[in-house]
Q: 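Following this message is one structure expressed as structure tokens.
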There are 2 protein chains.
Amino acid sequence: MTDANAFDLNTFLPYRLNAVAGRISRAFAERYREEFGISIPEWRVLVHLHQGGDVSVRDVEARVDMEKSKVSRAASRLEAAGYITKAVNDSDRRLLLLRLTPEGEALVARLLPVAIGYQEEMKARLGPLVEGLEAGIAALLDDPK
Amino acid sequence: MTDANAFDLNTFLPYRLNAVAGRISRAFAERYREEFGISIPEWRVLVHLHQGGDVSVRDVEARVDMEKSKVSRAASRLEAAGYITKAVNDSDRRLLLLRLTPEGEALVARLLPVAIGYQEEMKARLGPLVEGLEAGIAALLDDPK
DNA sequence: TTGACTTTGTTGCATATGCAATAAATATTT
DNA sequence: AAATATTTATTGCATATGCAACAAAGTCAA
């Protein structure tokens, strides 16, 4: 059945998955850059800090699907912008304690509604198909690999 | 209901979509780099040339979800590697005619079964959930926007 | 304690990327 | 026809990325 001559990129699942994700991400990134002046890596760090308590670079790396160098650089930019602080963890001086500043908290408070609204838009476009999409993503993402 | 304090990145649809797509793409890219020495942009150009007839950079850009500069650079690398040729389109001398060489055709013939196999693996992992995933992707991707 | 090994975060480096600017060809307007 | 505008592909530039190398701190074993 799988005739290689008939191969069509537009029905190729890995390609399609990557293409949607790219478009969604680009739109999301543009919005965040314009409204808040931050990138997606920075957004992820902020949101993770908002969720968890004291957090190290390693923690962010593990939970947010980013290389540690990417996390490190995002954190440095956020620190320079005054949204987070970096402190040394006294019980293990290799670890950083990343924390939101009051400015960072305020920024997250403005960010989250926009994020949630964006998600709502997506879900509205999907209608009843959301569930199937989420189930498929879960199967690929949360699998033991 | 959407309480911003309860926001959880791991249930945030745009994030999850991007995370799966990233993992799938990285695995795919690694495989293609190791086995064939080509990148995903190059892969896309090759496959598109295999599908269509004579093709310009603009055609690839329109159909393959890539910036024209990315297409241009991928095409240059493929030309240097001997997989495609660039000729001037005599009916409109602004356009290129990109064509697979015999080596390019041979490469594509080896590439496609691997791609199809990769897709099969994905589908096997998804089981009956494939359809829902594909429907969701279609709703987001093929929409009038 | 000493020495070997591991973990954590940062940085250097090579490559990739998007965007704007450009040159060449064509199309359009006057 | 001449002047202007548009389209196509490439390239320069600034930024982003992943990976490997590294320094500092900690762990473990003898």
Side-chain angles (χ1 to χ4, degrees), chain A residues 18-19 21-23 25-34 37-45 48-49 54-81 84-99, chain B residues 18-19 21-23 25-34 37-45 48-49 54-81 84-99:
Chain A
N18 195 71
R23 291 198 195 171
S25 273
R26 275 191 294 275
F28 191 78
E30 191 186 353
R31 193 147 165 184
Y32 269 83
R33 188 176 42 73
E34 286 177 356
I38 63 170
S39 68
I40 287 186
E42 289 154 22
W43 183 87
R44 288 191 188 171
V45 171
H48 186 66
L49 293 196
D54 292 338
V55 155
S56 69
V57 170
R58 179 199 53 179
D59 294 330
V60 182
E61 177 187 18
R63 293 216 169 168
V64 158
D65 195 51
M66 286 170 40
E67 288 279 317
K68 62 181 175 176
S69 63
K70 208 170 174 176
V71 176
S72 174
R73 282 161 174 149
S76 295
R77 290 191 295 266
L78 290 170
E79 187 191 29
I84 72 171
T85 57
K86 292 180 186 176
V88 174
N89 183 329
D90 282 319
S91 62
D92 183 342
R93 302 169 52 77
R94 291 169 302 184
L95 301 178
L96 286 185
L97 281 178
L98 302 178
R99 287 207 194 103
Chain B
N18 197 68
R23 291 198 194 170
S25 272
R26 276 190 294 274
F28 191 78
E30 191 186 354
R31 194 149 165 182
Y32 269 83
R33 190 177 41 74
E34 286 177 356
I38 62 171
S39 67
I40 287 186
E42 289 153 23
W43 183 87
R44 289 192 186 170
V45 172
H48 185 65
L49 293 197
D54 293 338
V55 155
S56 68
V57 169
R58 177 198 56 179
D59 293 331
V60 182
E61 178 187 18
R63 292 216 169 170
V64 159
D65 195 51
M66 286 169 40
E67 288 278 319
K68 62 183 174 176
S69 62
K70 209 169 175 178
V71 175
S72 175
R73 283 161 173 148
S76 294
R77 290 191 295 266
L78 290 170
E79 187 191 29
I84 71 170
T85 57
K86 292 180 184 176
V88 174
N89 183 330
D90 283 319
S91 62
D92 182 342
R93 301 169 52 77
R94 291 169 302 184
L95 301 177
L96 286 185
L97 281 178
L98 303 177
R99 289 206 193 104

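Here the structure is a predicted model, which is why all the values come from computation and not from measurement. Order of the sequence lines fixes the chain letters, A, B, ..., with proteins taken first and strands second; residue numbering starts at 1 for each chain. Just so it is clear, the values below take in all heavy atoms, side chains as well, and ignore hydrogens, waters and symmetry mates.
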Q: Write out a two-atom table: protein N or O, nucleotide N or O from nucleotides 14-17 of chain C, distance below 3.5 Å.
A:
none

Q: Who are the side-chain contact (heavy atoms from CB on, under 4.5 Å) partners of A:K86, not counting sequence neighbours?
A: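 Testing A:K86 for side-chain contact (heavy atoms from CB on, under 4.5 Å), a comparison that skips the adjacent residues, returns A:A75, A:S76, A:E79, A:L96, A:L98.
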Q: Output all residues satisfying side-chain contact (heavy atoms from CB on, under 4.5 Å) with A:S25, sequence neighbours left out; order by chain, then residue number.
A: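 With sequence neighbours excluded, A:S25 shows a side-chain contact (heavy atoms from CB on, under 4.5 Å) to A:I40, B:N18, given in chain and number order.
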Q: What's the spacing between B:M66 CE and B:H48 NE2 if we round to 0.5 Å?
A: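 So the gap between those two atoms works out to 10.5 Å.
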Q: Could you work out, with side-chain contact (heavy atoms from CB on, under 4.5 Å) as the rule, every residue matching A:R26, not counting sequence neighbours?
A: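 For A:R26, the residues satisfying side-chain contact (heavy atoms from CB on, under 4.5 Å) (neighbours in sequence not counted) are A:R23, B:D65.
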Q: Does the pair B:L78 and B:V45 meet the rule for a side chain to side chain contact (heavy atoms under 4.5 Å, CB included), with working shown?
A: CA-CA 9 Å; B:L78 290 170; B:V45 172; 3.7 Å; yes
Q: Once you apply a heavy-atom cut-off of 4.0 Å, does B:S56 come out as touching a base, just sugar-phosphate, or nothing?
A: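 Sugar-phosphate, backbone atoms only, no base.
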Q: Report the distance from atom CD of A:E61 to atom P of C:dT10, rounded to the nearest whole Å.
A: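 To the nearest whole Å, that distance equals 12 Å.
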Q: How close or far is atom P of D:dT6 from atom CG of B:L95, stated in whole angstroms?
A: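 Distance, rounded to whole Å: 18 Å.
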Q: Please give, in whole Å, the distance from D:dA9 C1' to B:I84 CD1?
A: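 After rounding, the reported distance stands at 13 Å.
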Q: Taking side-chain hydrogen bond (donor to acceptor under 3.5 Å, both in side chains) as the test, write out the residues that go with A:R58, two or more places apart.
A: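 side-chain hydrogen bond (donor to acceptor under 3.5 Å, both in side chains) list for A:R58, sorted by chain: empty.
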Q: Return the value, rounded to whole Å, for the distance between atom CG of A:L96 and atom P of C:dT11.
A: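 So the CG-P distance, A:L96 to C:dT11, works out to 11 Å.
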Q: Which pairs, protein N/O on one side and nucleotides 20-26 of chain C N/O on the other, fall under 3.5 Å?
A:
residue, atom, partner, partner atom, Å
C:dT26, OP1, B:R93, N, 3.0

Q: Could you measure the distance from the CG atom of B:L97 to the CG atom of B:L49? Nearest 0.5 Å is fine.
A: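 B:L97 atom CG to B:L49 atom CG measures 10.5 Å (nearest 0.5 Å).
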Q: OP1 or OP2 of C:dT10 less than 4.0 angstrom from a side-chain nitrogen or oxygen of A:S72, does that happen here?
A: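 Checking A:S72 against C:dT10: at least one side-chain N or O falls below 4.0 Å of OP1 or OP2.
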Q: How far does CG of B:D90 sit from CG of B:L95, to the nearest 0.5 angstrom?
A: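 Going from the CG atom of B:D90 to the CG atom of B:L95 covers 11.0 Å.
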